[in-house]
Engineer: 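After the structure tokens below, expect a handful of questions from me.
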Amino acid sequence: MAPKIGVYICHCGSNIAGIVDCSKVSDFARALPNVAVARDYKYMCSDPGQNLIKDDIKKLGLNRVVVASCSPRMHEPTFRRACQDAGLNQYLFEMANIREQCSWVHTDKEMATEKAKALVAAAVKRVALHEPLETKEVSMNANTLVIGGGVAGIQAALEIADSGHKVYLLEKDASIGGHMAMFDKTFPTLDCAACILTPKMTTVGQHRNIELLANSEITELSGYVGNFKAKIKKKARYIDMVKCTGCGRCSELCPTSIPNEFDCGLGKRKAIYIPSPYAVPNKAIIDAKNCRHLKGKAEGKADVCRLCQKGIPNRNQPGCEAEAIDFNQQDEIVEIEIGNIIVATGFQQFDPTKIYQLGYGRLNNVFTGLEFERLTNASGPTNGKVLLKDGSEPKAVAILHCIGSRDTNYHKYCSRVCCMYSLKFAHLLREKLPDTAVYQLYIDMRCAGSGYEEFYERLQEEGVNFIRGKAGEVTDLTETPEEKGKLVVMVEDTLVRRKRRLPVDMVILSCALEPRPDTEQLARILTLSRKADGFLLEKHPKLDPVATTTDGIYIVGACQSPKDIPDTVAQASAAAARVLALISKGKVEIEAAIAYIDEDKCAGCKICIDMCPYKAISFDEVKKVCRVNEALCKGCGTCVAACPAGAIKGRHFTTEEIMAEIEGVMA
Amino acid sequence: MTFEPKIVGILCNWCSYTGADLAGTSRKKYAPNVRIVRVMCSGRVEPTFVIKAFERGADGVLICGCHIGDCHYQDGNKKTARRMPLLKKMLSQFGIEDERVRLEWVSASEGDRFAAIVNEMTEQVRKLGPFKSNGGAANG
Amino acid sequence: MTHYPYYPGCGLSPEGFGRAFDWSIKGVNAVLGLDFREIPDWNCCGTVPYDTLHEEASFAVCARNLALAEKMGGDLVAPCSSCYVFLSRTNQYLAQYPKVKKSVDEALAAGGLEYHGKVKVRKVLDVYVNDVGNDVIASKVKRNLDGLKVACYYGCQEVRPIFGKDHPENPKYMDKLVKALGAEPVNFPFKSACCGGSLIISEEDASLDLIKKLLDSAVSNGAEVMVTGCPLCQLNVDAYQSVVNRKYKTNYHLPVLFFTQLMGVAFGLDEKELGLKTSIVPAKKALAKFI
Amino acid sequence: MSEAKTTTFIDEICAIPGGEDIKVCIQCGTCTASCPNADRMDYSPSHLIAMARAGMREEVLSANSMWLCLSCYLCVVRCPRDIKITRLMHVLESLSARAGLNSKRTTTPVMYKGFNKYIANTGRISELWMMVGYYFRTSLFKAIGMLPVALSLFTHRRVSLKLDKMSPESIKQLQTIIAKAESSGGDK
Ligand SMILES: Cc1cc2nc3c(=O)[nH]c(=O)nc-3n(C[C@H](O)[C@H](O)[C@H](O)COP(=O)(O)OP(=O)(O)OC[C@H]3O[C@@H](n4cnc5c(N)ncnc54)[C@H](O)[C@@H]3O)c2cc1C
Ligand SMILES: Cc1cc2nc3c(=O)[nH]c(=O)nc-3n(C[C@H](O)[C@H](O)[C@H](O)COP(=O)(O)OP(=O)(O)OC[C@H]3O[C@@H](n4cnc5c(N)ncnc54)[C@H](O)[C@@H]3O)c2cc1C
Ligand code: SF4
Ligand code: SF4
Ligand code: SF4
Ligand code: SF4
Ligand code: SF4
Ligand code: SF4
Ligand code: SF4
Ligand code: SF4
């Protein structure tokens, strides 16, 4: 059937028409071979715009369509659907990108118009060669993997599990809870973090639809939306999870005491320990790096310590009575099959030792935000008392904003939550130590959220000293008697234009939220992309902020960008809804633009087999030819380029189609 | 009038094409000399595409893919990189100068970088002048 | 022998106030097997005053030296911190601003020169620590400076404008070198603070204040000598110590040496060759054990 | 103060390489908090930037602030917007001197001018002659105060009456280069 092509040039208001002369382009298109009709219109993606296409298909009997407008990443699905509605196979459509890659990036109208013409010519040449393709449907595995057990992962897991579907919740640490579990209060409502989070954590631990894989990490992923296979490494815990009752006797016996990560190193824990009072799972774990027995074993020493297991019999102190301790446990790899994945791996706090002049790690009583959270937490190392390293109470505290954020030397972005948690800290200080002076050193107060500005005003009323200026330096080199023994914060009060030296006892650094160091590795395993700032990249920042470019994988919470708990939870619920929608549909469409091997041309050289990243090509020993597994092929085309016999066809990206496009842009 | 080179850009869908889109959404201005052809993966690029472009009058070809390690299809770009020496050899047989063909890694967040590469390459090719094919005759 | 083009700058020139730095560098180089070759007929880098009042020409003034060095090949060594900053900065601006490059190229061409931006500018300390290495330096020590308490004073420009290899506020590489000589670097929080050298003539009060803080910190941390790699710092803290004492009623007697002089002492070089006597606060007492 | 004037002053600053940084300052005050001389300045470095952006040309150019900058670069190291404040200070000095507005409450410009004359004439600088020239032009009284320092420098062979000069051909070459750079005035 001879191609009969309709070409539609979009003005996109003035977005395109402001630079590209759209009527000239449509005149040009009209004269191209095989073009039956060419029109330009204000908004092609609008209903009237789409109707233009549908009507022409029906009335003029078009069998190919080209739209020149925005990026295909934006509206290809829209126009494909319009074609389909009018009875045309959706693959008989092609888009020319004359906005993102033309009108928005050029200033010379004439050259931009010429370029737009070339792009349209290319699309017209290409579309003439398009073939109708049928998308296939495969069934959908209803299980979901959630990676990361912070508030984001917990929320998503619960919503999916509650609707009756199985969830694997993967957490690399010994307990779920993430950062929120470390807080005492949360802004702006000052809810007790434990009161709102621990019930959810417990529910996760007991939910019959949730399989909690704590102390575990993902190592490999294969498959595609609806049918993923993941390899999970369950790291040895040295505890039998079934037998352990979480009684804590073992910890009491253990002689090895080390800084507790959960308390940011401000408190101590044992080598065998239960991560926190509300840990889920509430079971012991042995820290192999510090356990005397396991260290000894690694060095070939036969039997060191084991007090936790054996107890101290002569003092009538029995060891673990449940016989739950198992020093022979090994790391274990399990494989699970799932249909969807939600990534909720969160953030890490910026390490302020990098900013030498702030004295963190060098001067006593300079704390990070998370450390201060632990100091105010009733179950923290000081039982919630705000104390200096020497055990006394501070008389003056300075809270320093934007540490590692909004700073080209570290992170350019604003971390979005630190203004608010700094206010929270100020409030907790006013409440716990009413006579202590509190200074907030800020550049801008960023309090955009429901009830946030009101919280700021409340803190002003509570008598906190707000100084507009970023601290330049924290020093213990004092100059006057009243500074003696204190930390001096140097700052310009930019509202009065005076350099000030603030003598205080405690400095809190409101540190940036940054991507976790293993984000790159995780992105590689899951084939996700990252943004310039290192956080995971969403599919579209406005219109699809929870999906990724890989179908079936969603990102939620602080692994996408710094965000607070309300935003995190909203996003987690959104992703859960997306997953549930797919599960309820039960089927997924698989890509039709994939590779196909012409058995007559295939020489059986097997070069393609090694080329395929998805092991989609197998060799037929009988016919001595290769074959593509349609469910596994993702259509990258690497094999097509590599086949010496030219036997592989990359559907929708055939050599002829691409060549035609190249000829077209050069026309 | 200054010589306006024609350059064909072959970009992978996931990183580089998205990066070029980002240059657009952030309104970065760059030279209008590059016309972009989209492929799913830089690993799809065949030497014949490049030769075809020159044959049809291109003065340069720019190939862009995801950074090594970031390939949407795991390591298609590594395969592209491995094919480059072969491609360059073919090009020299056709009398095509090395500087006329560039392979660059551009991620989805590097709109700036994409614009800079286009400008730089346009200038470079402008300096080289229009490409005149020797039809590959000299070396067969 | 490794060769480097060498730019002594006005301070280290034969008539300059920091000539002892030049002498001691040469002495130490002989021991370490380094060859610094003076750029023939170099000119003053112009430093702050020139940049300030003739910003168009200041790049060209620096570039003339770079062009001459480029002909010689190799990394250029500029001992004075200010020369170092202004020469490196010229490289940076030439690369960053086409406008600057154009004007400099034209100016150089008028003088029959050209510069292609290939010269890397480095400090003596950087060459010693990173090209020679502290191990080699330690192996040349003849008189271990055991027990000598040293305040390593880097000054502001040595490490600052991101050209350096060390931390811009808490540099350590001079401390490590001093340790390699057997001496003991003391805690000295002001090690990269400014001495006010560039304004000592016109804004004396401000500068004296800064010098006093330096002396205070070094002496209270037990330093017996201060060493530095900047001729301006050395001049300032040495020559104005008596003025500080007069103004603040203090009584500092802290010898201020070039670190190369200290190296020379450890290598057993002759006191004269090192120009120890050019120090105004005498170093004799502090170094008595070693010379 | 008209808005047109506002744009002009900013343009003037941005036209000098390095001056354009002024646009991205977020007025955080880190530079001032770090500056060893801020307390002596008429306006702190960050204040000066704000005034410049507000188009307060005369006030900015007649301030002593930039002349008190020690070129210690501490502000540059710490500025969260990677602004080369030190360079900006030099830019303002240059504009101030050209406009003839330089502050009379600091003698730094006089010193700088003397310094630069040496470069133009001999290609190199002598500390001693520069000091002599400076005190001669500013205050003889101060010079007397500095006599002991000068004397001690002299007795320790730290300064010399001789001038270290380049060869006449090289001086000529340098002068040609300077003349060309100033005439092409790429920066102005
Ligand atoms: C000091 C401070 C105070 C704050 N105070 C408040 C407040 O008062 N109110 C508020 O709304 N917000 C506050 N926030 C922000 C809040 O912490 C975040 O919004 C929230 O923690 C984000 O939750 P998340 O689940 O995305 O990430 P996280 O809490 O970081 O949880 C991520 C989880 O994933 C796990 N994980 C990471 N990588 C992997 C992997 N590869 N495999 C398996 N598991 C993995 C981690 O171990 C962790 O359990 C504060 C932040 C800070 C730094
Ligand atoms: C000047 C301005 C510029 C902005 N620019 C940006 C920007 O650049 N980027 C950005 O991300 N955000 C921007 N925003 C914010 C953006 O507008 C909102 O985030 C967004 O519109 C919110 O969408 P919505 O659907 O919740 O509400 P709306 O857009 O207000 O839509 C609500 C709809 O509900 C209908 N409706 C109301 N009541 C009833 C009823 N009782 N029954 C039936 N229908 C009802 C209304 O008619 C309306 O159609 C901007 C906002 C403003 C004011
Ligand atoms: S390991 Fe044993 S002793 Fe320890 S918590 Fe579990 S049951 Fe109790
Ligand atoms: S073996 Fe000893 S060190 Fe190890 S966990 Fe048990 S009691 Fe602690
Ligand atoms: S939220 Fe506030 S403290 Fe945090 S980076 Fe943004 S402005 Fe700075
Ligand atoms: S109300 Fe709007 S304009 Fe004002 S601070 Fe909030 S976001 Fe900014
Ligand atoms: S590379 Fe081509 S010819 Fe070789 S086995 Fe694969 S399809 Fe067949
Ligand atoms: S196009 Fe070829 S290489 Fe790519 S996934 Fe499909 S079969 Fe594998
Ligand atoms: S430190 Fe930088 S951003 Fe902050 S006020 Fe100074 S110049 Fe502006
Ligand atoms: S360089 Fe100048 S402005 Fe900057 S901190 Fe030093 S003295 Fe202050």
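Proteins get letters first, then strands, A, B, ... in listed order; numbering begins at 1 in each.
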Engineer: Please rank A:Ile443, A:Asp493, A:Asp444, A:Thr408 by heavy-atom pairs under 4.5 Å with chain D and give me the top one.
Structural biologist: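 Between A:Ile443, A:Asp493, A:Asp444, A:Thr408, the count favours A:Thr408.
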
Engineer: Would you please indicate if the ring centroids of A:Tyr452 and A:Tyr456 are separated by under 6.0 Å?
Structural biologist: no

Engineer: Under 4.0 Å between a Lys/Arg side-chain N and an Asp/Glu carboxylate O for A:Glu373 and A:Lys424?
Structural biologist: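 A salt bridge is present here (some side-chain N lies under 4.0 Å from a carboxylate O).
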
Engineer: Counting heavy-atom pairs under 4.5 Å to chain D, which of A:Glu473, A:Glu492, A:Lys412 comes out on top?
Structural biologist: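 The candidate making the most pairs under 4.5 Å is A:Glu492.
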
Engineer: Report the option among D:Cys28, D:Ser34, D:Cys31 that has the most heavy-atom pairs separated by less than 4.5 Å from atoms of chain A.
Structural biologist: D:Cys28

Engineer: Just checking A:Phe455 against A:Phe187, ring centres under 6.0 Å apart?
Structural biologist: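 No - the distance between ring centres of A:Phe455 and A:Phe187 does not fall below the 6.0 Å cut-off.
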
Engineer: With a 4.5 Å cut-off on heavy-atom pairs, point out which of A:Arg501, A:Arg406, A:Arg468, A:Arg498 contacts chain D the most.
Structural biologist: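 Among A:Arg501, A:Arg406, A:Arg468, A:Arg498, the one with the most close pairs to chain D is A:Arg468.
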
Engineer: Apply salt bridge (Lys or Arg N to Asp or Glu O under 4.0 Å) to residues A:Asp518 and A:Arg516 and explain how you reach the verdict.
Structural biologist: CA-CA 6 Å; A:Asp518 61 356; A:Arg516 294 179 36 82; 3.4 Å; yes

Engineer: Ring centres under 6.0 Å, that's the criterion: do A:Phe183 and A:Tyr421 meet it?
Structural biologist: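 No, too far apart.
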
Engineer: If you tally heavy-atom pairs under 4.5 Å against chain A, which of D:Ala38, D:Ala50, D:Ser44, D:Ser46 wins?
Structural biologist: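 The answer is D:Ser46.
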
Engineer: Side chain from CB out, backbone as N, CA, C, O: work out which of these in D:Cys79 comes under 4.5 Å of a heavy atom of chain A, or both, or neither.
Structural biologist: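 When you check distances to chain A, only backbone atoms of D:Cys79 fall under 4.5 Å.
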
